[in-house]
Amino acid sequence: MTTEPQARPAPTPSQDALLAAVTAGVRLVELGHPHFTGMPCSPNHPGFRMSLIRRHGDMVRPDGGSAANELIVTGGHVGTHVDALSHVSHDGRLHGGVDAAAAQVGGRFTALGAEHTPALLNRGVLLDVAAVHGVDVLPGGYGVTADDLAAAADRAGVTVGRGDVALIRTGWARHFDDAPTYLGQASGVPGATTGAAEWLAARGVVATGSDTTAYEQIRPGAGHSVLPVHRVLLVDAGSYIIEHLNLEQAAAEGLTAFVFAMAPLRIVGGTGSPIRPFAAVSA
């Protein structure tokens with residue numbers, strides 16, 4: 001005697017509010033760029049390369065099947081990615097006073113490595129600083145201030161709080177397909193000042209990101225010579241930094257507060273990881 005499979009009853013909020021919300025319908029908005037050979041990359045990091053090393057027909061199985069696969073070579077800070085707390089030190093110390101030199105002996109970090117960067121399913125807030133200034137893209141080298149972030153939060157009708165992921169839109173992602181402009185060696189790149197970073201750290205954000213190659217104000221001609229915002233966030237506050245975001249669709253759709261999700265690779269002893277972040281909103 002066989003028994004017909006029984007339909008699983010839909011969860012109710014009293015059983016699992018999160019599952020009920022997902023069952024009711026969720027739409028995902030991409031917040032990052034795809035990875036491709038030749039994509040813009042900070043000169044401080046090895047770039048992304050992908051090539052097929054086996055193609056269909058190179059080997060055909062007795063049943064006629066064939067498979068293809070690729071070789072991927074990349075730095076941990078290429079494309080949309082998250083910085084681990086081991087990425088930056090100050091006066092020889094990582095976050096929490098960890099001795100950076102001792103922690104990196106053996107070719108990988110024994111403390112604060114990328115395997116400890118958490119997956120996040122948190123409240124995200126979009127702070128559209130370009131919109132605050134009435135422009136599509138902030139000018140190269142512009143320094144995003146604490147007042148800019150406060151104004152962007154007021155415009156969005158949100159309060160940045162503990163555990164949030166705060167995403168700063170400068171509009172610079174519009175230059176992503178023009179590598180020299182996007183990297184901004186000549187023009188500079190807009191980005192957070194130390195005052196802005198301290199504003200976010202004081203509010204207890206777990207992570208913050210932007211749509212540029214470095215979460216910093218890069219002045220024209222300066223390059224990535226100093227990274228003071230990385231010190232404030234990674235070393236002092238222990239807040240994770242996300243770079244190379246693409247916030248254009250989220251801004252166009254008027255997203256302000258949403259469910260933010262990302263899952264970094266658990267690269268043991270690494271300093272960063274590629275991610276595919278997205279905003280989840282009601283369908």
Side-chain angles (χ1 to χ4, degrees), residues 29-33 80-85 87-88 95 117-133 138 142-173 189-218 227-264 272 275-281:
V29 178
E30 296 281 354
L31 300 175
H33 295 281
T80 308
H81 68 275
V82 60
D83 292 347
L85 297 184
H87 180 44
V88 167
H95 177 64
T117 303
L120 295 179
L121 188 66
N122 292 56
R123 178 177 182 259
V125 293
L126 179 60
L127 303 177
D128 194 340
V129 177
V132 165
H133 290 275
L138 291 175
Y142 179 81
V144 174
T145 67
D147 287 344
D148 284 330
L149 298 186
D154 287 345
R155 178 183 180 276
V158 300
T159 300
V160 180
R162 184 163 299 279
D164 285 350
V165 178
L167 307 181
I168 300 174
R169 178 181 174 268
T170 70
W172 205 251
V189 179
T193 61
T194 54
E198 289 164 354
W199 187 90
L200 291 167
R203 281 151 182 78
V205 299
V206 66
T208 179
S210 188
D211 51 0
T212 60
T213 185
Y215 190 101
E216 300 274 353
Q217 175 190 14
I218 305 297
L227 300 173
V229 168
H230 281 61
R231 172 186 57 78
V232 171
L233 293 169
L234 294 176
V235 181
D236 297 344
S239 297
Y240 298 93
I241 293 176
I242 305 165
E243 293 165 323
H244 291 290
L245 287 167
N246 185 354
L247 304 175
E248 295 308 290
Q249 182 182 353
E253 295 192 16
L255 299 191
T256 53
F258 44 85
V259 175
F260 173 88
M262 76 168 197
I275 58 170
R276 184 180 182 179
F278 56 85
V281 296

Side-chain donor or acceptor of [X] paired with backbone N/O of [Y] under 3.5 Å:
| X | Y | result |
| --- | --- | --- |
| N122 | G163 | yes |
| D211 | G171 | yes |
| D154 | A151 | no |
| E216 | H230 | yes |

State which residue, out of [options], fulfils the side-chain contact (heavy atoms from CB on, under 4.5 Å) condition with [X].
| X | options | answer |
| --- | --- | --- |
| F260 | V125, L121, I242 | I242 |
| E198 | V229, V232, L233, D236 | V232 |
| S210 | L245, L247, I168, L167 | I168 |

Atom pair [atom1]/[atom2] of [X] and [Y] - distance to nearest 0.5 Å:
| X | Y | atom1 | atom2 | result |
| --- | --- | --- | --- | --- |
| E253 | L126 | CD | CG | 11.0 Å |
| L227 | I241 | CG | CD1 | 8.5 Å |
| Q217 | T170 | CD | OG1 | 12.0 Å |

### Task
Test T208 against Y215 for side chain to side chain donor-acceptor pair (under 3.5 Å), laying out the working first.
CA-CA 9 Å; T208 179; Y215 190 101; 2.7 Å; yes
Return the minimal non-hydrogen interatomic distance between [X] and [Y], and the atom names on each side.
| X | Y | value |
| --- | --- | --- |
| P264 | A119 | CD-CA, 3.8 Å |
| G161 | R123 | N-NH1, 4.5 Å |
| A207 | L120 | CB-CD1, 4.0 Å |
| G195 | A146 | O-CB, 3.8 Å |
| L200 | A166 | CD2-CB, 3.7 Å |
| L234 | H95 | O-CB, 3.3 Å |

#### Entry: side chain to side chain contact (heavy atoms under 4.5 Å, CB included) against A279, all qualifying residues, sequence neighbours excluded
V29, L31, L255, F258
In the structure I gave you, are the side-chain heavy atoms of [X] and [Y] within less than 4.5 Å of one another anywhere?
| X | Y | value |
| --- | --- | --- |
| H244 | T213 | yes |
| R155 | D128 | yes |
| T80 | N246 | no |
| V144 | L138 | yes |

### Query
Among all residues two or more places apart in sequence or in another chain, which pass the side-chain hydrogen bond (donor to acceptor under 3.5 Å, both in side chains) test with H33?
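Counting only residues at least two positions away or on another chain, H33 forms no side-chain hydrogen bond (donor to acceptor under 3.5 Å, both in side chains).
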#### Entry: Crowding at CZ, R276 (>12 non-hydrogen neighbours, <6.0 Å)
no
